[in-house]
Amino acid sequence: MYKIMLADDEGIVIDSLKFIIEKEFAGDCVIESAKTGRSVIELAESFRPDIAVMDIQMPGINGIDAMREIRATNMHTVFIVMSAYDKFDYAKEAINMGVLEYLNKPVEREKIVQVLRRAMGMIDREREKRSQDLLIREKMESVIPIIENGLIQNLLFHEPFEEDIENFKNLLGISEDYAYMAVLVCGETQEGNHMTNAVGASIRVQNAYREIREITGAYLPGMIGSVMANKIAVFIPCSAPKIEYNERILLIEKARELARKLKSRTEVTFRVGIGSVKPLYEAAESYNEALNALVQTTSRVAHVDDAPVGTLYEENYPADIEKMLFELTEKGDVNGVVAEANRFYDWMEENHGVYIMDIKLKCMEFVLWAEHIFYESGGRIYHFRSRKDYLPTLLELKSLDEIRAWFVDKMGNACQNIAMKKESQSVSVVEKARSYIDSHYHKKDISLDEVSRSVDISPYYFSKIFKEETGRNFVEYITEIRMNKARELLAGSNMSMKEICSEIGYSDPNYFSRIFKKHTGITPTEYKEKK
């Protein structure tokens with residue numbers, strides 16, 4: 001259905017156009033008309049026409065000005081000008097306003113019908129586009145929560161693949177490098193810092209999740225995760241590494257309003273915990289801070305900066321260096337550990353150089369923790385007295401340089417052990433796999449799953465380390481083994497082609513011939529004759 005507005009000060013013109021439209025487009029159009037510029041503008045506001053057939057010269061406001069007014073409130077109306085005035089200025093102004101056609105009266109019936117069909121075609125395409133846009137928007141409304149939840153899950157569970165996080169950032173349009181987390185914790189009632197009937201409340205929250213998501217988004221400008229037990233995580237990107245005091249106060253007040261709003265709409269009690277700003281990849285720490293802030297207080301809303309949560313350091317303590325030192329230790333990055341150990345020792349020497357015993361104690365603390373990381377990673381037997389000489393050795397050291405050398409050496413050794421263990425584990429697995437393949441390559445059904453099972457690790461992880469160690473994937477490696485054996489048999493035996501094919505694990509001689517030629521450049525028969 002098309003809504004058509006006719007604007008002309010001559011009644012006979014309006015009647016003629018109505019007759020043509022009703023006869024040619026019977027049942028497809030609703031027609032309204034007006035004879036003055038003012039009445040045209042008022043009609044357009046209430047009628048919202050799809051097509052407006054306009055005269056230029058009308059009493060009061062002329063057609064050009066009337067179209068300008070209509071366009072300000074309705075961008076989708078298609079204008080057709082029919083005028084006895086063929087002045088260039090009028091035509092130019094009409095074209096600038098996006099008029100579909102400028103017709104000079106009198107106009108033939110066929111021309112009117114032709115132009116109206118063009119206008120209807122434009123309207124149909126615009127409607128289809130709007131329909132598609134709405135469909136896409138509707139789909140995105142369903143997909144975006146899944147994407148947002150995927151990002152939050154990756155961050156909370158420390159997924160190791162940074163490219164996944166980058167993909168989530170691109171999909172969600174996140175450009176910030178920092179973020180903080182909030183957590184909504186629900187229950188039937190609050191008793192101290194504990195929420196009662198968490199299971200029952202979580203079921204009710206799950207049923208009302210869509211509404212809760214909409215309400216939460218109005219108060220906390222971030223990505224909202226799914227319901228996990230009786231908790232909902234909210235990820236909030238920000239551009240600065242710290243939020244200012246006034247911003248924090250405003251955030252807390254919004255969180256209080258959010259908790260009250262959710263209570264009134266769901267009849268479930270909510271508490272809101274808020275963590276500190278972290279580098280985006282460390283958002284899980286902010287989430288844990290948010291939870292701990294709620295544990296440490298009985299407030300409905302708790303911000304980590306207001307709660308006695310976590311370790312407090314003296315003003316210039318290099319907590320960032322300490323954190324980096326042990327992260328690099330876990331990764332087995334020896335050069336990085338040595339560099340960070342020296343940086344930390346520089347700080348101790350510069351700020352506490354006169355307290356030799358305290359420096360020795362700190363060095364002992366760090367070394368023991370680095371070795372604890374090594375033992376926890378598995379693969380080495382712990383002996384209770386394996387460090388019996390550590391304390392006597394440290395006590396005998398007199399100079400700061402000697403203590404530094406002992407500290408950096410022990411930290412580097414612990415890290416080196418972790419790196420070597422990771423490497424040896426990979427090499428050991430690959431060597432076992434190679435041995436298994438060498439003994440079973442002739443089996444027609446040997447598979448990646450079978451080989452990975454033989455070394456007792458998952459197919460995915462086995463495929464990854466096998467490629468890293470050998471430079472080839474599983475299929476490439478076993479094909480190479482088979483081709484080497486095929487060349488050996490072709491050159492040094494009288495076995496038939498079918499027998500050789502079966503001997504190296506192929507059931508189809510034609511397939512074997514194609515693979516052989518791909519690897520050697522000649523067929524098995526040509527190779528045998530050549531040899």
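Predicted, not measured: the structure shown is a model, and the values here were computed from it.
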Any residue meeting salt bridge (charged side-chain N to carboxylate O under 4.0 Å, His left out) with Asp177, in chain and number order, not counting sequence neighbours: none

For Glu327, side chain to side chain contact (heavy atoms under 4.5 Å, CB included) partners two or more places apart: Lys323, Met324

Residues which pass side-chain hydrogen bond (donor to acceptor under 3.5 Å, both in side chains) with Arg387, listed by chain and number, not counting sequence neighbours: Glu371

With Tyr317 via ring-ring contact (aromatic ring centres under 6.0 Å, His included) - residues at least two apart: Tyr313, Phe344, Trp347

Minimum side-chain heavy-atom gap Ile224-Tyr209 below 4.5 Å: yes

Set of side-chain hydrogen bond (donor to acceptor under 3.5 Å, both in side chains) partners for Lys254, sequence neighbours left out: none

Check ion pair Glu126-Lys129 (N to O, under 4.0 angstrom): no

Pairing residues for Asp124 by the salt bridge (charged side-chain N to carboxylate O under 4.0 Å, His left out) criterion, not counting sequence neighbours: none

Sequence neighbours excluded, every pair satisfying side chain to side chain donor-acceptor pair (under 3.5 Å) that has a member inside residues 218-232: Asn149-Ser226

Salt bridge flag under 4.0 Å for residues Arg265 and Glu214: no

Test side chain to side chain contact (heavy atoms under 4.5 Å, CB included) applied to Glu244 - qualifying residues, sequence neighbours left out: none

Side-chain heavy-atom pair Ile403, Tyr345 within 4.5 angstrom cut-off: yes

Salt bridge flag under 4.0 Å for residues Glu128 and Arg125: no

Pair Glu191 + Arg271: basic N to acidic O under 4.0 Å: no

Residues that Gln190 engages under side-chain hydrogen bond (donor to acceptor under 3.5 Å, both in side chains), provided they are two or more places apart: none

Thr189 side chain to Thr196 side chain, donor-acceptor N/O pair below 3.5 angstrom: yes

Contact check, side chains of Thr266 and Ile215, non-hydrogen atoms, under 4.5 Å: no

Counterpart residues, salt bridge (charged side-chain N to carboxylate O under 4.0 Å, His left out), relative to Lys278 (two or more places apart): Glu285, Glu289

Sequence-distant partners of Thr36, side chain to side chain contact (heavy atoms under 4.5 Å, CB included), two or more places apart: Arg38, Ser39, Pro59

Pairing residues for Ser202 by the side-chain hydrogen bond (donor to acceptor under 3.5 Å, both in side chains) criterion, not counting sequence neighbours: none

Centroid separation Tyr287 to Phe235 less than 6.0 Å: no

